Amino acid sequence: MAEPITLADDGTLVVPDEPIVPYIEGDGIGVDIWPAARAVLDAAAARSGHRVGWTEVLAGEKAYRETGEWLPTDTVDAFRQYRVGIKGPLTTPVGGGIRSLNVALRQILDLYVCLRPVRWFRGVPSPVRHPEKVDMVVFRENTEDVYAGFELDEGSPAARKLIEYLADELGWQIRADSGIGIKPISITGSKRLQRAALDYALARGRRSVTLVHKGNIMKFTEGSFKAWGYELVAEEYAGRAVGWDSCGGDPGERVLVKDVIADAFLQQILTRPDEYDVIATTNLNGDYISDALAAQVGGIGIAPGANINNATGHGVFEATHGTAPRYAGLDKVNPGSLILSGVLLFEHLGWDRAAADIVAALEATIADRIVTYDFARLMDRATEVRTSEFAAAIIDRL
Ligand code: NAP
């Protein structure tokens with residue numbers, strides 16, 4: 001019988017034999033990719049002796065049609081109670097209401113880690129010569145930075161008031177016709193994100209964690225992010241991780257923690273990507289970096305994502321692309337992003353074998369040149385298949 005996942009006193013997840021997992025099918029191509037992803041996840045789980053107690057919850061257009069709400073309270077409650085959930089893409093409601101359903105879920109559940117693993121799958125068309133050198137896991141801070149939503153419109157009374165205040169109190173001369181955004185970066189927000197990256201690196205045998213920042217210019221936000229990262233390593237990870245300066249770049253068995261300026265990083269992921277492994281970065285940097293890396297491995301269409309709170313065990317696993325409405329219901333698009341999000345979900349549950357099986361089967365399918373239209377148009381001698389056929393081909397290779 002399906003049961004909820006709970007949290008043990010030591011903060012680890014207690015996963016029953018058949019955990020209840022809420023899912024949001026998603027708008028647009030959600031009707032195509034969700035059934036395909038679910039079939040692959042169920043098949044892989046069964047092979048490892050697991051079973052998922054899927055339960056549908058509503059959000060987006062389907063929710064609006066049936067309940068008049070874009071994000072019903074029941075849905076949020078289900079994600080809160082059952083701790084994990086998976087979702088297809090959602091239409092962003094235009095005009096009023098919730099700014100973005102994804103942002104709303106992240107804020108309500110305080111999902112402070114945006115996790116984006118980026119690696120190349122053999123056979124996927126890539127714009128670079130050595131995509132196989134990219135194997136990184138990006139931890140992007142999800143709750144702060146210029147993304148926190150503290151913005152004032154140019155000309156608004158509040159913007160004028162703040163500009164006057166800054167001039168009077170701090171002597172900052174800001175042009176009167178400016179819009180204003182505030183960039184908060186806290187010790188709390190930085191260290192909990194960096195802790196998640198370090199714990200991941202240690203648990204998964206990764207070699208290094210790189211703090212990516214613009215601290216050369218923004219000293220007390222980005223620069224502090226870097227400083228707090230090194231501080232955290234010294235405070236909590238002695239013997240398990242070590243900062244570059246404390247070991248001269250020779251960490252021995254420990255995880256090496258280093259840092260790089262964001263613009264140099266964007267060059268180096270092209271020139272020597274194999275020097276990077278786990279990445280911990282602020283919100284805006286992380287946005288650019290995850291998409292740049294995904295493009296480098298040709299994986300924009302299959303890149304998975306997860307939003308996680310490591311302290312409560314909450315996690316929402318999602319396709320990173322949108323609803324692609326013009327393909328909805330055509331059984332045409334690539335379900336890879338949602339399938340790989342399911343892999344992250346399984347890893348979160350500790351179902352590592354089922355997760356690894358899916359990755360291997362997906363890789364074998366693409367290596368056999370069985371792909372959906374998006375890859376087929378970029379590959380020689382590809383066999384173009386439908387969404388459902390692609391899922392079936394993966395299941396055959398499990
Ligand atoms: P989009 O839905 O991601 O689609 C843009 C293009 O990306 C598609 O036309 C298609 O390219 C390609 N694509 C996307 N998903 C694909 C898949 N699974 N397989 C193959 N190709 C795929 O972006 P959009 O058109 O800007 O946004 C549409 C809606 O989605 C908006 O309402 C937006 O707010 C929402 N959105 C939601 C999320 C989310 O829920 N996480 C994220 C982004 C956007 P080609 O036509 O060139 O083949």
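Not measured: the values here are computed from a predicted model. Heads up: numbering here begins at 1 and tracks the sequence. Whatever order the structure lists them in is the order used to number ligands and atoms, beginning at 1.
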Nearest protein heavy atom to [atom], by residue and atom, and its distance?
atom                    : answer
atom 44 (C) of ligand 1 : G322 CA, 3.4 Å
atom 30 (O) of ligand 1 : T323 N, 3.0 Å
atom 21 (N) of ligand 1 : Y373 OH, 3.1 Å
atom 18 (N) of ligand 1 : N334 O, 2.8 Å
atom 25 (O) of ligand 1 : P325 CD, 4.7 Å
atom 41 (N) of ligand 1 : N102 ND2, 3.4 Å

How does [X] reach ligand 1, if at all, at less than 4.0 Å between non-hydrogen atoms: by side chain, backbone, both, or neither?
X    : value
R377 : side chain
T92  : both
D27  : neither
A319 : backbone

Quiz item: cation-pi between [X] and [Y], 6.0 Å / 45°:
X    : Y    : answer
K332 : Y327 : no
R353 : F346 : no
R377 : Y373 : no

(request) Please indicate, with yes or no, if any protein heavy atom is found under 4.0 Å from atom 34 (O) of ligand 1? (result)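 Answer yes: something from the protein, a heavy atom, is under 4.0 Å.
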(message) Does the protein place a non-hydrogen atom closer than 4.0 angstrom to atom 6 (C) of ligand 1?
(response)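 Looking at atom 6 (C) of ligand 1, one finds that no protein heavy atom lies closer than 4.0 Å.
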(message) Looking at V134, is its backbone amide N or carbonyl O close enough to the side chain of Y276 to form a donor-acceptor pair, meaning the two atoms are under 3.5 Å apart?
(response) no
Pull out every atom of ligand 1 sitting under 4.0 Å from any heavy atom of [X], numbered as shown with elements.
X   : result
P89 : 40 (O)
T91 : 32 (O)
I29 : 15 (N), 18 (N)

Do we see a donor-acceptor contact under 3.5 Å between the side chains of [X] and [Y]?
X    : Y    : value
E141 : T281 : no
D259 : H213 : yes
W120 : D135 : no

Find the distance between [atom1] ([X]) and [atom2] ([Y]) and round it off to the nearest 0.5 Å.
X    : Y    : atom1 : atom2 : value
L293 : F265 : CG    : CZ    : 5.5 Å
L105 : T75  : CG    : OG1   : 8.5 Å
K226 : K258 : NZ    : NZ    : 15.0 Å

(message) Measuring centre to centre across the rings, with the benzene-like ring taken for any Trp, is H348 within less than 6.0 Å of F317?
(response)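 Centroid separation for H348 and F317: below 6.0 Å.
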(request) Heavy atoms only: give me the nearest G123-I366 pair and the separation to one decimal. (result) C-CG2, 4.0 Å
(message) Give me the atom names and distance for the closest heavy-atom approach of P335 to T372.
(response) CD-CG2, 4.3 Å
If you measure every N or O of [X] against every N or O of ligand 1, does any of those distances drop under 3.5 Å?
X    : result
R326 : yes
A324 : yes
L90  : yes
Y327 : yes

(message) Between ligand 1 and I33, can you find any atom pair, the residue atom being a heavy atom, that is separated by under 4.0 Å?
(response)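 No; I33 lies far enough from ligand 1 that no heavy-atom distance drops under 4.0 Å.
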(message) With a cutoff of 4.0 Å, is K87 in contact with ligand 1, counting heavy atoms of the residue only?
(response) yes
(message) For atom 42 (C) of ligand 1, which of the options H321, E61, E318 provides the nearest non-hydrogen atom?
(response) H321
